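Only a predicted model underlies this, so the values are computations on that prediction, with no experimental measurement involved. Here is how names work: the chains are called A, B, and so on, in the same order as the sequence lines, proteins then strands, and each is numbered from 1.
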Amino acid sequence: MTEKYDAKTAELTWLKHWEDNKIFSFNPNAKGKVYSIDTPPPTVSGKMHIGHAFSYTQQDIIARYKRLKGFNVFYPFGTDDNGLPTERLVEKTKNVKGARMERQEFITLCEQTLKEIRPGFVNDWKRIGSSCDFQLFYSTIDKNCQKISQEGFLDLVKKERAYRKEAPSLWCPQCATAISQVECKDAEKPSSFNEIVFMAEGKELIIATTRPEMLSACVAIFAHPEDNRYKKLFGKKATVPLYDFEIPIMPDTKANPEKGTGIVMCCTFGDQTDMEWYRQYNLPLKEAITRDGKMTAIAGKYSGMRTDDARKQIIQELKDAGLLRAQTQITHAVNVHERCNTPIEIIQSKQWFIKYLDLKEDMLKWGAELTWHPAFMKSRYDNWVKGLQWDWLISRQRFFGIPFPVWYCTKCDTPIFADPKKLPIDPLKDFPPAKKCSCGNTEFIPEKDVLDTWATSSLTPKLASTLLDKKDQHKVYPMSLRPQAHDIITFWLFNTMVRSRLHDGINPWKEAVISGFVTMQGEKMSKSKGNVIEPQEVIAKYGADALRYWASSSKFGDDLDYHEKDVRTGDKFVTKLWNAANFANLNLQGYTTGTATHATDKWILHKLRNTIQAAEESFDAYDYAHAKAALEKFFWQDFCDNYLELIKVRMYEPKDPQDKQSAQAALSTCLSALLRLWAPFTPFITEELYQTLLKEKEGYASVHIAPWPVVKIKEDKKIEVAGELAVEILAAARKKKSEAKLSMKAPIKKITVFAPKNDHWNLSQEIQPFLADLKAATSAETIQFEDATAEKRIEVEM
RNA sequence: GAGCCCGUGGUCUAGCGGUUAUGACGUCUCCCUUACACGGAGAAGGUCCCCAGUUCGAAUCUGGGCGGGCUCACCA
């Protein structure tokens with residue numbers, strides 16, 4: 001062993017060792033029960049962020065533990081790189097606009113960009129010590145994924161779950177595509193509440209609105225049926241200002257008398273309520289906004305203007321005409337697209353949907369069949385299911401994604417589906433289809449829309465399992481575990497559940513573990529706030545083991561505030577483990593086999609045995625943080641601070657060869673066990689130590705495929721209790737010396753222990769075998785016992 | 001507005017009916033003892049958010065506040 005451990009070079013050495021020797025390769029025919037993990041495919045964005053390092057470390061600890069326990073671990077790796085996120089990344093980094101380019105040119109650029117950045121991106125995952133089988137690799141835009149995704153779509157068509165319909169849909173004018181409910185989020189935006197003059201029955205009717213630019217799309221006016229101010233107007237007409245057309249005044253309970261003037265205009269579509277009224281009362285459709293967020297022809301002179309410009313101008317015009325009675329500045333929550341923060345519009349268009357609103361009850365049952373860690377995360381899922389209001393809109397008017405395998409008849413618009421055996425296909429290239437329409441027509445137009453990225457990533461259990469031979473796929477699917485962070489329960493977990501249920505009628509996994517978030521002074525990290533920590537920099541400074549040590553200090557579901565000092569604690573642990581192993585190595589020179597016969601040695605083996613048991617119980621409940629705490633206590637306190645100090649003199653100057661051999665036996669057992677116990681948390685340092693100290697003796701190619709340690713000794717309460725007393729005596733001696741400001745080497749005349757007799761054993765008898773080590777460790781001349789009827793007490797005389 | 005989570009020494013955290021309330025970081029004192037000064041020994045530091053209840057007994061259970069966070073919803 002060298003003087004110091006150099007994490008930076010050592011970690012790279014072992015990464016290469018693992019890769020070269022295929023340590024984490026999945027062999028479907030290997031022994032051991034299969035434990036399969038539905039690894040989250042990160043969205044390719046150039047660099048891993050600290051939240052990734054955090055959650056992927058946590059799941060990796062589970063994977064490594066299961067491997068030690070003898071499971072045949074299936075732990076694939078994929079990248080999610082189709083759809084809008086990639087388009088936005090390419091548009092940003094290459095300074096282009098997909099919509100203004102030749103479609104194929106843009107797609108090629110996306111593919112090229114991915115090819116450039118993907119290897120570096122994936123390398124970040126290797127670097128933190130993810131024990132994935134990187135040979136089992138998929139990209140959600142690769143050919144196999146395209147095939148699986150298109151097959152899935154056709155399967156849903158066959159099951160009458162996928163349908164195409166012209167309907168009002170959530171729409172992002174910035175991205176110029178329809179989006180789904182889950183892609184929306186709230187944002188506080190400033191706005192103005194404008195009281196505008198309509199005319200009805202020759203009188204002024206004041207209506208408050210935040211969206212005056214929608215006036216031209218106004219189709220009705222609503223007030224509450226019980227609202228006495230407006231009761232007499234129901235069934236009458238009102239005239240829209242500036243545009244001068246008439247609309248009906250109608251009663252509906254959704255109108256809130258408390259809000260504004262209690263009377264509201266319904267435009268197609270200002271918001272979701274407008275849409276509901278449109279459906280309920282069969283109102284006409286008037287579209288005021290185009291798909292790229294501009295005013296349509298019906299807006300008259302505002303036609304072609306952006307909606308926000310039109311709003312400003314129309315307010316001015318109303319003001320000039322004396323039709324604006326009041327204006328208040330407000331901030332209100334607006335629905336925006338989570339990818340670009342643009343306010344969402346509701347626009348009528350023809351889209352593909354997956355029908356699932358009828359399955360809400362079933363969805364709740366499916367969620368209940370899954371074991372959640374922590375359990376309370378299930379309520380996020382339930383909450384989402386209960387709030388679902390739209391079927392899943394899966395078509396996107398974008399470019400870089402998986403194409404719908406569909407063409408449409410130019411005469412009757414009937415969809416013609418691709419032959420499932422010929423997938424994947426691109427209807428734009430594989431054209432025309434080799435079929436006739438049922439109406440006899442032979443002319444078609446290809447579908448240009450692409451599938452929502454979640455429509456593919458919701459199939460990850462399949463994307464991963466189909467990397468295996470067909471005969472082996474059933475071994476890994478349904479999967480044992482879905483690990484992920486809590487922010488995408490409503491996206492990824494929910495969608496995967498739905499797809500697996502719809503396609504195969506089963507839950508995709510047995511259990512789910514949900515990671516928390518990394519925060520900075522309690523706040524979410526974000527580039528705009530400038531409080532981002534880059535894992536690459538942390539690794540460069542402290543090594544991946546230290547980072548992992550930090551990440552494993554919080555349990556599943558808990559957020560963790562980032563403090564660099566906590567990573568430093570990990571770094572210190574690595575050093576401590578190195579030094580303890582170094583001590584063991586120095587004192588195990590020449591040792592081959594032996595038995596622990598001394599009391600102190602038996603005691604530490606008992607502690608070890610109990611620690612292993614405790615760690616195992618915690619691990620099996622997915623509570624690695626607890627397991628870590630138990631290991632920490634054993635390693636740092638029991639083993640380093642107490643045990644090693646107790647055996648030093650016996651090790652250096654044995655009176656009898658067996659004195660030393662007994663300690664060596666225990667030391668050797670502890671060393672081997674410690675390396676394996678810590679291997680899931682700090683895989684690099686443990687591998688380094690295993691390779692240099694134990695590999696030759698034990699023969700495993702890596703500590704990570706060695707078996708979980710077992711200490712084969714029977715429970716011995718006497719040793720445990722007497723050992724505790726030995727530690728108390730040691731502590732009393734140390735305390736006395738500290739208080740006297742003396743070195744720990746300072747001699748002690750006498751230690752007197754007042755030990756009450758126990759019903760079951762006589763402590764002063766049981767402690768006898770420890771006395772030699774105790775005297776040596778405390779430099780005490782004598783240790784004597786006096787029976788006491790009172791409390792246990794230890795007196796130290798210098 | 002709804003659901004969920006959280007509130008423990010200066011900071012982070014364990015404990016979840018009976019503990020001298022755990023540990024880490026920080027602070028202070030001492031110790032260079034041949035694994036480790038990136039160490040060791042010791043000390044100081046706490047109305048366990050507040051109020052009420054259940055109980056012989058509550059940091060721990062129940063109810064009600066207050067404060068923070070997340071998710072969903074509302075969005076004229």
| message | If you take any heavy atom closer than 4.0 Å to RNA chain B, which residues from residues 249-257 of chain A end up in contact? | response | A:A255, A:N256
| Residue list, ring pair (Phe, Tyr, Trp, His ring centres under 6.0 Å) with A:F681, at least two apart or on another chain | A:F619, A:W678
| message | Let's see if you get this right: which residues in residues 621-634 of chain A place a heavy atom under 4.0 Å from RNA chain B? | response | A:H626
Below 3.5 Å between N/O atoms, which protein atoms pair up with nucleotides 37-44 of chain B? Just atom names and distances, please.
from	atom 1	to	atom 2	distance (Å)
B:rC38	O2	A:T575	OG1	3.0
B:rC38	N4	A:K4	NZ	3.3
B:rG39	O3'	A:K576	NZ	3.1
B:rG40	OP1	A:K576	NZ	3.1
B:rG40	OP1	A:W636	NE1	2.7
B:rA41	O2'	A:R734	O	3.1
B:rA41	O2'	A:S738	OG	2.7
B:rA41	N3	A:S738	OG	3.0
B:rG42	O4'	A:S738	OG	3.4
B:rA43	OP1	A:K735	NZ	3.2

| field | Where A:S180 and A:W392 come nearest, the two heavy atoms and their spacing | value | CB-CD1, 4.2 Å
| field | Qualifying residues under salt bridge (charged side-chain N to carboxylate O under 4.0 Å, His left out), relative to A:E11, sequence neighbours excluded | value | A:R127
| request: For A:E287, enumerate each residue passing the salt bridge (charged side-chain N to carboxylate O under 4.0 Å, His left out) test, keeping only those at least two apart in sequence or located in another chain. | output: none
| message | Quick check on B:rA76: is either OP1 or OP2 less than 4.0 Å from any side-chain nitrogen or oxygen of A:H332? | response | yes
| query | Would you call the rings of A:F635 and A:F573 parallel, tilted or perpendicular, where under 30° means parallel and over 60° means perpendicular? | reply | perpendicular
Taking distance alone, no hydrogens or angles, what donor-acceptor pairs closer than 3.5 Å link side-chain atoms of residues 191-200 of chain A to residues at least two apart or in another chain?
from	atom 1	to	atom 2	distance (Å)
A:S192	OG	A:N194	OD1	3.4
A:S192	OG	A:N194	ND2	3.4
A:S192	OG	A:Q327	NE2	3.4
A:N194	OD1	A:Q327	NE2	2.7
A:N194	ND2	A:S192	O	3.3
A:N194	ND2	A:T209	O	3.3

| Tell me: CZ of A:R568 to C1' of B:rG26, nearest whole Å? | 11 Å
| query | Donor-acceptor pair under 3.5 Å: do we get one between A:D566's side chain and the base of B:rC12? | reply | no
| request: Only counting residues at least two apart or in another chain, list the ones meeting salt bridge (charged side-chain N to carboxylate O under 4.0 Å, His left out) with A:D558. | output: none
| query | What's the OH-C1' distance between A:Y549 and B:rC25, to the nearest Å? | reply | 13 Å
| said: The criterion is salt bridge (charged side-chain N to carboxylate O under 4.0 Å, His left out); which residues satisfy it with A:E645, sequence neighbours excluded? | reply: A:K648
| query | Between the side chains of A:Y624 and A:Q58, is a donor N or O closer than 3.5 angstrom to an acceptor N or O? | reply | yes
Could you pull out the protein-nucleic contacts involving nucleotides 1-10 of chain B (nitrogen or oxygen on both sides, under 3.5 Å)?
none

| task | Provide the Watson-Crick or G-U wobble partner of B:rC16, both distances under 3.5 Å; none if there is no partner. | result | none
| query | Expressed as a whole number of Å, how far does the C1' atom of B:rA14 sit from that of B:rC56? | reply | 28 Å
| Who pairs with A:H337 by ring pair (Phe, Tyr, Trp, His ring centres under 6.0 Å), at least two apart in sequence or on another chain? | none
| task | For A:K572, check side chain to side chain contact (heavy atoms under 4.5 Å, CB included) against everything at least two apart and list the hits. | result | none
| message | OP1 or OP2 of B:rU71 versus the side-chain N and O atoms of A:Q181: is any pair under 4.0 Å? | response | no
| query | Is the Lys NZ or Arg CZ of A:R482 less than 6.0 Å from the centre of A:W492's six-membered ring, within 45° of the axis? | reply | yes
